[in-house]
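Before any comments, here is the structure.
Note that the structure is a prediction, hence the values are computed from the model and not measured.
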Amino acid sequence: MKKLSIIMLVLVLAMSSVFAGATREKSDVGSAGAAGDGQHYVFRIAATDEAWRPNAIIEAARRLNAQLAAEGSKDTVEVEWELVDDFKNSFPLWIQEKNLPEMIAHKQSIIYKYAQAGYIVDAGYVVNDATYTEKVPKNLRDFGLMDGKYYGIVCDTEARFVIVYKPALLALGWTEDQIAAWRQSAIEGKVTTADLQKLAKQAVDKGITQYGITTRPNNGADWAFFYCTWSGGKTPQNEKGQNIVSRQAVIDALTFYRTNVQMGITPYNMLTDFNWDMLEGDIWPNGKSFCWYGIVAAKGDCMNASGVSSEYFDENFISLPTPVHKVGDTPCCGSSPYLWALTTASQKDAKTAEYCRRILDNVLDLDLQLIISLDHAHIAITTESANSEAYRADKWMQAVNDFVPFMFKYQVSPLKEGLQDMYADSKEYFNAVQEAMLKANDPTARSVEAIADDFIKQAIFNMGEGNYVIVD
């Protein structure tokens, strides 16, 4: 079935005739022309309207020209940005016209789809070269792994974790040293969800904060990543790409959210009546919640929504790796990385393949990395940028970089549906959490066991037989 699906995808792509979604300024892209005794290579980077990604590639190509000249080569390289609104429409058109860009910037789902169809190549020769192995931690390099091949090259990434209102801890009588030691304990996997609940309740009961533990107010990828807390801090997937379904893990997760409401630390209507403006514009920046399950970009989001300063946020909030369900589990910080990918057009000759690699190597230059990471509230993917004076000057980003060893992504799967589709992109899991919270104090409410069973029934139906393993 897997081979048949790929064949059908290729046939559909070849037969498509009406597509939209990509624009570019020049028509002679993807070509090599004479440049004195050398060749002038024109490559394309296809990317969305987040200009800083393609601009980094364009600048990296300019630097390659200087390197080539210093080496005595007369070859020159130019990269053009092809603005793409919808890759699902643009990719079939490129294939039909036999006009693929050499490079794209996107998330793994679209990259994997076309890798299976044969249009994205294994970029292991880039990821495993001296530049990447020296500068990028292995777990971040492996963000590009799909089916054991590097169809992606890490570009930038966020991280998800718990954000704590520091003045609440001080109001509880904690010292700065105790707060630092507590955070270190969390990094070591010694702070549990139960510990977090107890502290949150103390803050609420003493009137220090209005709420104890809050979350995003709607459906989204965060739910999938935080679910890993109840699977030992690991993605519930096996080496075959099958989704591991644990009834106990689902029950434990739903119990956490329901208990939060019953303890009076999470509002029962958190997922029905709250919104981003309330949270980012008031509740979070103004210290009305002891903590929340958030993301590295929360600092910028709160600054934009409420007007608080960078210094205010750095002074009043601390990052905490997601507390473990039980001691011995692994702290986890979920990521949904953006990746560079090389198409078959990047391999049309040896020079094209080499120059694409060298452009991607140059993207790791410190100044370009600081634009990609620090300027856009993303994790530093190189050790050099993480240790730089500019990055260390931002206390929030510097602290969050402590979590790089715990960062992970969900693996895409050749099977019918990936686990992230079931827990994030569909509403089944979110609906289960919402019901557990909304009816937490209702004596007629369904038990978390009943909610879990109903969710699992829906999830495995959507996954399809053979695409999951039930472990308990």
Side-chain angles (χ1 to χ4, degrees), residues 24-47 50-84 99-106 111 120-136 140-141 144 150-156 338-373 375-376 380-385 388:
R24 61 179 181 269
E25 295 181 0
K26 297 185 181 180
S27 59
D28 62 343
V29 293
S31 60
D37 294 332
Q39 292 287 321
H40 180 63
Y41 292 81
V42 183
F43 303 147
R44 287 148 55 211
I45 170 70
E50 293 180 306
W52 40 278
R53 291 191 184 98
N55 284 344
I57 291 288
I58 291 168
E59 175 57 29
R62 294 192 186 107
R63 297 179 185 191
L64 176 58
N65 284 329
Q67 293 164 348
L68 291 173
E71 295 164 6
S73 172
K74 294 186 178 181
D75 284 351
T76 55
V77 176
E78 177 184 355
V79 173
E80 296 176 346
W81 168 22
E82 181 161 352
L83 175 62
V84 179
N99 190 30
L100 286 166
E102 284 75 15
M103 292 174 274
I104 69 171
H106 210 281
I111 291 172
I120 302 292
V121 302
D122 182 354
Y125 80 105
V126 178
V127 179
N128 294 319
D129 75 3
T131 302
Y132 273 81
T133 53
E134 177 185 341
K135 292 188 174 184
V136 183
L140 300 187
R141 296 201 308 273
Y150 286 101
Y151 291 126
I153 304 158
V154 64
C155 170
D156 57 86
Y338 244 83
L339 305 168
W340 309 115
L342 296 175
T343 72
T344 50
S346 72
Q347 307 296 304
K348 56 191 165 192
D349 57 59
K351 282 289 185 70
T352 296
E354 177 192 349
Y355 292 160
C356 285
R357 175 187 63 79
R358 294 184 66 174
I359 288 169
L360 290 166
D361 282 351
N362 286 345
V363 167
L364 297 185
D365 285 355
L366 177 59
D367 60 328
L368 296 182
Q369 280 301 303
L370 289 176
I371 293 171
I372 292 174
S373 59
D375 289 1
H376 293 88
I381 67 164
T382 68
T383 304
E384 181 184 26
S385 56
S388 69

Q.
Using the rule given for side-chain contact (heavy atoms from CB on, under 4.5 Å), can you reason through Tyr132 versus Arg141, listing the C-alpha separation, both sets of side-chain angles and the distance that settles it, and then say yes or no?
A. CA-CA 8 Å; Tyr132 273 81; Arg141 296 201 308 273; 4.2 Å; yes

**Q.** Partners meeting ring-ring contact (aromatic ring centres under 6.0 Å, His included) with Tyr355 (sequence neighbours left out)
**A.** Tyr41

**Q.** side-chain contact (heavy atoms from CB on, under 4.5 Å) between Leu342 and Arg357, intermediate numbers included
**A.** CA-CA 9 Å; Leu342 296 175; Arg357 175 187 63 79; over 6 Å; no

Taking only residues two or more places apart in sequence, or in another chain, which ones meet [X] in a side chain to side chain contact (heavy atoms under 4.5 Å, CB included)?
X: Ala56; result: Ile372
X: Glu50; result: Thr48, Trp52, Arg53, Tyr338
X: Asn128; result: Tyr150
X: Ala60; result: Ile359, Asn362, Val363, Leu368

If you take all heavy atoms of [X] and [Y], which pair is closest and at what distance?
X: Ala380; Y: Leu140; answer: O-CD1, 4.2 Å
X: Ile381; Y: Val136; answer: O-CG1, 3.4 Å
X: Lys135; Y: Glu384; answer: NZ-OE1, 3.9 Å
X: Thr133; Y: Val127; answer: CG2-O, 3.9 Å
X: Gln347; Y: Ala353; answer: OE1-CB, 3.5 Å
X: Thr352; Y: Ala345; answer: CG2-O, 3.8 Å

Q) Can you find a pair of side-chain heavy atoms, one from Glu102 and one from Val79, that are under 4.5 Å apart? A) no

What distance do [X] atom [atom1] and [Y] atom [atom2] have between them, rounded to the nearest 0.5 Å?
X: Gln39; Y: Lys74; atom1: CD; atom2: NZ; result: 12.5 Å
X: Lys351; Y: Arg358; atom1: NZ; atom2: CZ; result: 10.0 Å
X: Ser73; Y: Leu64; atom1: OG; atom2: CG; result: 8.5 Å
X: Ile120; Y: Tyr151; atom1: CD1; atom2: OH; result: 9.5 Å
X: Gln369; Y: Thr382; atom1: CD; atom2: OG1; result: 5.0 Å
X: Asp129; Y: Thr131; atom1: CG; atom2: OG1; result: 4.5 Å

Q) Between Thr343 and Pro101, is there a donor-acceptor pair closer than 3.5 Å when you use the side chain of the first and the backbone of the second? A) yes

Q: Give a yes or no answer on whether the side chain of Asp156 reaches the backbone of Ser373 with a donor-acceptor pair at less than 3.5 Å.
A: no

(Q) Determine whether Trp81 and Ile57 satisfy the following criterion, side-chain contact (heavy atoms from CB on, under 4.5 Å), listing intermediate values before the conclusion. (A) CA-CA 9 Å; Trp81 168 22; Ile57 291 288; over 6 Å; no

Q.
Pair Ile45, Trp340 - check side-chain contact (heavy atoms from CB on, under 4.5 Å), show working.
A. CA-CA 9 Å; Ile45 170 70; Trp340 309 115; 4.2 Å; yes

**Q.** Non-neighbouring partners of Ser388 that pass side chain to side chain donor-acceptor pair (under 3.5 Å), sequence neighbours left out
**A.** none

